[in-house]
Amino acid sequence: MKESIPDSYHTGLSIRGSQDEDPPDPQLMRLDNMLLAEGVSGPEKGGGAAAVAAATAAVGVGADNSIEHSDYRAKLSQISQIYHTELEKYEQACNEFTTHVMNLLREQSRTRPISPKEIERMVNIIHRKFSSIQMQLKQSTCEAVMILRSRFLDARRKRRNFSKQATEILNEYFYSHLSNPYPSEEAKEELAKKCAITLSQVSNWFGNKRIRYKKNIGKFQEEANLYAAKTAVTATQAVAAAVHNSQTNSPATPSSGTHERDHWRDHRG
DNA sequence: TTCGATGATTTACG
DNA sequence: CGTAAATCATCGAA
């Protein structure tokens, strides 16, 4: 069961359709402002995708997770698209209905005198009705945006697995310093920067990695050999480059010698 | 839905 | 403070 945010769009029209129309309507203004600020609505054309991106950037501000960003952006864009589609539909329907009514009135005018005033009144009523519908659409969209926003905000509290590349970098460091996998503060910062995660995340990762590696070395041997081989390649290349006179000495197999007997029992600061 | 992997948090130690 | 160890909470794949 995946619950997205499909509901609360084109839903019923029975939420109050009266009492709020002509006056400055602070409520409507608020909705409009929010939709505008969020990138939905706005200078129409193109669905305001750029505006969506800008709003997303404004929301995401301090975060460093680009995955959630794109997620949020995609959903917001979807909302925006639906909003514009519906809005256009309503407008079209309004026009069609208006012309239809006009035609009816015109036909009736042959058997009954109809004043321009009456026609105008009719059109006004129709427009009012549709504008009220549009406001409901705005409200629904606003609601959806708020739901999305709240979900985005508290989604940041939830755990996110690191990217494949990040774990790659971390593992590379870990296994190439297997004899003493305690990166210094600077090294941590470097890793954090490379992996696009925070310093404490790096510390957490190494803490978890150390304890879990030690707890079940067998489970990690494959991984260890993999990264050992990986670094061995670069190391071999470096050596080969330095020693431009290779030896006929066959280097003992990639040595599955992953036997660090004493597992960093003590550490120094 | 289950279950292992995994990031985060808590607790205890020096 | 940083860390070890246990534990929690979520993810992601079978």
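Chain A is the first sequence line, chain B the second, and so forth, proteins listed ahead of strands; every chain is numbered from 1. Computed over heavy atoms, backbone and side chain alike; hydrogens, waters and symmetry mates excluded.
Going from atom CH2 of A:Trp205 over to atom C1' of B:dT9 covers 19 Å, rounded to whole Å. If you measure from atom OH of A:Tyr182 to atom C1' of C:dC1, you get 16 Å, rounded to the nearest angstrom. The NZ atom of A:Lys164 sits 11 Å away from the P atom of B:dG7 (whole-angstrom rounding). Atom CG in A:Asn171 sits about 14 Å away from atom C1' in B:dG7, given to the nearest Å. A straight line from CG of A:Leu199 to C1' of B:dA8 spans 15 Å, rounded to a whole angstrom. Here the C1' atom of nucleotide B:dT11 and the CG atom of A:Asn204 are 15 Å apart, to the nearest Å. Distance A:Leu170 CG to B:dA8 P: 11 Å, rounded to the nearest Å.
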For nucleotides 5-14 of chain C, read 5' to 3', which letter fits each nucleotide if B means a protein heavy atom sits under 4.0 Å from the base, S means only the sugar-phosphate is that close, and - means neither? SSB-BBSS--
Which atom pairs link the protein and nucleotides 12-14 of chain B when you take only N or O atoms and keep those under 3.5 Å?
none

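Side-chain heavy atoms closer than 4.5 Å link hydrophobic residues (I, L, V, M, F, W, Y) into clusters, and following such links, even through other members, never connects A:Ile211 to A:Leu170. Under a hydrophobic-cluster definition in which Ile, Leu, Val, Met, Phe, Trp and Tyr are linked whenever side-chain heavy atoms come within less than 4.5 Å, directly or via other members, A:Leu226 and A:Ile169 are assigned to the same cluster.
Qualifying salt bridge (charged side-chain N to carboxylate O under 4.0 Å, His left out) partners for A:Lys219, counting only residues two or more places apart in sequence or in other chains: none. In this structure A:Glu107 satisfies the side chain to side chain donor-acceptor pair (under 3.5 Å) test with no other residue, sequence neighbours excluded. When the side-chain contact (heavy atoms from CB on, under 4.5 Å) test is applied to A:Glu223, the partners found at least two apart in sequence or on another chain are A:Asn171, A:Tyr175, A:Lys209, A:Phe220, A:Tyr227. By the side chain to side chain donor-acceptor pair (under 3.5 Å) test, A:Lys89 pairs with A:Glu86, sequence neighbours left out. Applying the ring-ring contact (aromatic ring centres under 6.0 Å, His included) rule to A:Phe174 yields the partners A:Tyr213; only residues at least two apart in sequence or on another chain are considered.
Contact between the side-chain N/O atoms of A:Tyr213 and the OP1/OP2 oxygens of B:dT6 is not found at any separation under 4.0 Å. In this structure, A:Lys188 reaches the C:dT3 phosphate: one of its side-chain N or O atoms is under 4.0 Å from OP1 or OP2. The side chain of A:Gln201 contributes an N or O atom lying less than 4.0 Å from OP1 or OP2 of B:dA8.
As judged by a 4.0 angstrom heavy-atom cut-off over every strand, A:Lys219 is placed among residues touching the sugar-phosphate backbone only. Using a 4.0 Å heavy-atom distance criterion, A:Phe206 is classed as making no nucleic acid contact.
Residue pairs meeting the side-chain hydrogen bond (donor to acceptor under 3.5 Å, both in side chains) criterion with at least one member in residues 184-195 of chain A, sequence neighbours excluded, are A:Lys188-A:Ser203.
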Could you pull out all donor-acceptor pairs under 3.5 Å where a side-chain atom in residues 111-126 of chain A meets a protein atom, sequence neighbours excluded?
from: A:Thr111; atom 1: OG1; to: A:Gln108; atom 2: O; distance (Å): 3.1
from: A:Arg112; atom 1: NH2; to: A:Gln108; atom 2: OE1; distance (Å): 3.0
from: A:Ser115; atom 1: OG; to: A:Glu118; atom 2: N; distance (Å): 3.2

